2 protein chains.
Amino acid sequence: MARKRVKLQRILNDAQRRATFKKRLKGLTKKATELATLCGVEMCLIVYGEGAVEATEVWPSVPEATSVLERFKAMPDLDR
Amino acid sequence: MARKRVKLQRILNDAQRRATFKKRLKGLTKKATELATLCGVEMCLIVYGEGAVEATEVWPSVPEATSVLERFKAMPDLDR
DNA sequence: TGTCCTATCATTAGTTG
DNA sequence: GCAACTAATGATAGGAC
């Protein structure tokens, strides 16, 4: 989305993939914050990096995400 | 972000809030898809709407989200 | 209400220090 | 490797239907 479009496939270069991950994760969480604020909803986001390269990320925080997950787990299958 | 900027606070009008929620959720999941593809990571997103107004949303799918959640639940506290 | 359009604002790829 | 900057693409508020 800038000087050049990026192909929609896994970035092979490790350093560049990490850099892109960091930038886009920031953008994604910002959007998530805006959506939660504007629409008055609760939400959580969990990202699993591959091995030790990208760390696992939990948003907005581990306790809040856990709370949301408990509600999801407790929800009857029919409602899912 | 378009003809006019929107205030970063809960949209009071129900119809408009629903419309904004739908548009932004679509944009958010698109971004999430791109991040997962570009960086080769697994992720899930869970949104709880308020009461019956906005429905609960799970991305990318309930089975995949459940899989990610199981891994999160099984993860030692120290790693979180 | 849902979808399409598009002017306008937001995000970000590439680059520099 | 990170933060800042900038050009260029991407997302979306408001409007039309």
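Computed from a prediction, not measured in an experiment: that's the story for all the values here.
Distance CD (A:Gln16) to P (C:dG14): 6 Å, rounded to an integer number of Å. A straight line from CG of B:Leu8 to P of D:dA13 spans 11 Å, rounded to a whole angstrom. Rounded to whole Å, atom C1' of D:dA11 lies 13 Å from atom CG of A:Leu35. Between B:Arg5 atom CZ and C:dT8 atom P there is a gap of 13 Å when expressed in whole angstrom units. As rounded to whole Å, 11 Å separates atom P of C:dT12 from atom CG of B:Leu38. D:dG10 atom P lies 18 Å from atom NZ of A:Lys30, rounded to whole Å. D:dA13 atom P lies 14 Å from atom CG of B:Asn13, rounded to whole Å. One atom, CG of A:Leu25, and another, P of C:dT12, lie 10 Å apart when rounded to the nearest Å.
Using a 4.0 Å heavy-atom cutoff across all strands shown, B:Ala15 reaches sugar-phosphate atoms only and no base atom.
At least one side-chain heavy atom of B:Phe72 sits under 4.5 Å from a side-chain heavy atom of A:Thr66.
Checked against C:dG2, C:dG14, C:dA7, the side chain of A:Lys4 finds its nearest nucleotide in C:dG14. Closest contact between the side chain of A:Arg24 and the listed nucleotides C:dT12, D:dG10, C:dT11 involves C:dT12.
Phosphate contact (OP1/OP2 of D:dT12, side-chain N/O of B:Lys26, threshold under 4.0 Å): absent. Residue B:Lys22 places none of its side-chain N or O atoms closer than 4.0 Å to OP1 or OP2 of D:dT12.
To the nearest 0.5 Å, atoms CZ (B:Arg24) and NZ (B:Lys31) are separated by 11.5 Å. Summarising the geometry, atom OH belonging to B:Tyr48 is positioned 5.5 Å from atom CZ belonging to A:Arg71; distances are rounded to the nearest 0.5 Å.
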Note to self: Apply side-chain contact (heavy atoms from CB on, under 4.5 Å) to residues B:Val47 and B:Thr56 and explain how you reach the verdict.
What the structure shows: CA-CA 5 Å; B:Val47 187; B:Thr56 294; over 6 Å; no
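Contact annotation: side chain of B:Arg3 to base of C:dT6, donor-acceptor pair present below 3.5 Å. Between the side chain of B:Lys23 and the base of D:dG14, a donor-acceptor pair under 3.5 Å is found.
At least one donor-acceptor pair under 3.5 Å links the side chain of B:Arg17 to the backbone N or O of B:Ile11.
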